[in-house]
There are 2 protein chains.
Amino acid sequence: MVQNKKIPDSAQPGPEKQILIAAKEVFLEKGFDGARMQEIADKAALNKALLHYYYRSKEKLYRVIVKDIMDQFFPVVFGVFDETGSLSDKITRFFDLYIGFLLDNPLVPQFIIAEIVRKPEMLMEFFSGPMESGVILQLSELIDECVRKGEMRPIPTEEFLMNLISLSVFPIIAKPILMNFLEKDDKEYNELINERKRVTADFFIRAIK
Amino acid sequence: MVQNKKIPDSAQPGPEKQILIAAKEVFLEKGFDGARMQEIADKAALNKALLHYYYRSKEKLYRVIVKDIMDQFFPVVFGVFDETGSLSDKITRFFDLYIGFLLDNPLVPQFIIAEIVRKPEMLMEFFSGPMESGVILQLSELIDECVRKGEMRPIPTEEFLMNLISLSVFPIIAKPILMNFLEKDDKEYNELINERKRVTADFFIRAIK
DNA sequence: AATATATTTAACCGTTTGGTCAAATATACA
DNA sequence: TGTATATTTGACCAAACGGTTAAATATATT
């Protein structure tokens, strides 16, 4: 028997999974350059050589983590534009879900932005997959339909999408700066963002009317 | 004579200035962790030991560069809200100037966001200075006045400011992702952003009406 | 229990990194 | 010109890094 691992599936608990959990924490916080294999090993309470035994190299391990993070980030949330309801309802629901997700996982967008700038070639290969779901075409059709029904003015799909994402994501990734700028502590800032779920939806809906 | 340097002022051309130029390039592109002293030396066409002769350590040099970048980023652009003209004019002018600056210096916001996440303590000390210019108070008064005159609906200053910055900055820092997502090449994307100067101002003005 | 295989460890390796230093060179001043 | 000081260099260093390996240990199968 060549394959005789006790736990061949890395989704099960065990050293492989421990490594993934620790690696995700460290890579999210420090990025590829800042992450240390020793720190990952320490956090997983395992010998450093095990990381190489299971994942060959730092880069290979990084790729596994990146895929995991990407699958998390390119969210089903865009599915809200499929659901029934008025355009306003959809937009309100989008901001509620998306900002909610970002509040729960603030390191995820920070990681993607920081790493895409520093190691673009490493991240880019993971973009083709989730992207091809036809979100843009689908959104385009929705906008056309709403314009016909007089629910909104005509707006280029690119602008619509960019503004949607900008207004959701930026306040999260720039949190350390904006906290300081607006003189809020952590709790106050999170409350501000929570209010933004409603406030920004309102802002957006008025803008496209 | 204790001080006998030929060129004591680092603002003048010479090795000190060469180092600063090269260091800024490398730090902007690679960040603190990714930057190599040797690469800075090579780019400046100088011996590596000179970097330490003039700036002691990597961290000291980094601090000088960060201050330089910060002074660039916290822009006089906010001054547009002081100028005469209608609120719409001010907002239009803001997006025109700010997005224009960001298009000319895309690495600057990318650097700040990426580094604030990775090395918050290093960047934070530079924020107190430029921030205390009372921009928020000033903007608050402007909003109050415009609400009184019926030029806009009441909006919390924090939201007003966050949206202003989010809509300007995010499309720049997320450029690599959004380019791929919207299937644009570099030239097309920059044209898109250029159009955003007008389009986003329009979007914003409608939203606050 | 015996054997084969999978897992884990400690010690080690080559390279790269930020940083140092003594010697060499250029410059200013007497 | 001679001398003091500022500048520049190449050679070097200790530490940290990712990665390897041989030996030790655990596990499953017969």
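Naming: A, B, ... by sequence-line order, numbering from 1 per chain. Small disclaimer: the values here were computed from a predicted structure and weren't measured.
The side chain of Arg36(A) contributes an N or O atom lying less than 4.0 Å from OP1 or OP2 of dG18(D).
One interatomic measurement links the two molecules: CD of Gln38(A) to P of dG18(D), which rounds to 9 Å at whole-angstrom precision. Following rounding to the nearest Å, Tyr54(A) (OH) and dG19(D) (P) show an atom-to-atom distance of 18 Å. Here dT20(D) presents its C1' atom at 9 Å from NZ of Lys48(A), a figure rounded to the nearest Å. The NE2 atom of His52(A) sits 13 Å away from the C1' atom of dC13(C) (whole-angstrom rounding). One interatomic measurement links the two molecules: CG of Leu46(A) to P of dT8(C), which rounds to 7 Å at whole-angstrom precision. Atoms OH (Tyr55(A)) and P (dG18(D)) sit 17 Å apart, rounded to a whole Å.
Listed nucleotides dG19(C), dG18(D), dA10(C) differ in distance to Asn47(A); the shortest reach to its side chain belongs to dA10(C). Distance from the side chain of Tyr53(A) is smallest for dT7(C) among the nucleotides dT8(D), dG18(C), dT7(C). Which of dT9(C), dG18(D), dT8(D) sits closest to the side chain of Ala49(A) comes down to dT9(C). The Met37(B) side chain lies nearest to dG19(C) when the options are dT8(C), dT20(D), dG19(C).
Within the 4.0 angstrom heavy-atom criterion, no nucleotide atom of any strand lies near Ala41(A).
Taking the ring centroids of Phe204(B) and Phe203(A), they lie under the 6.0 Å cut-off. Checked against the 6.0 Å centroid criterion, the rings of Phe111(A) and Phe27(A) do not qualify as a close aromatic pair.
In the interface, the side chain of Lys58(A) is not paired with the base of dG19(D) through any donor and acceptor atom under 3.5 Å apart.
A donor atom on one side chain and an acceptor atom on the other are not found under 3.5 Å apart for Ser166(B) and Ser166(A).
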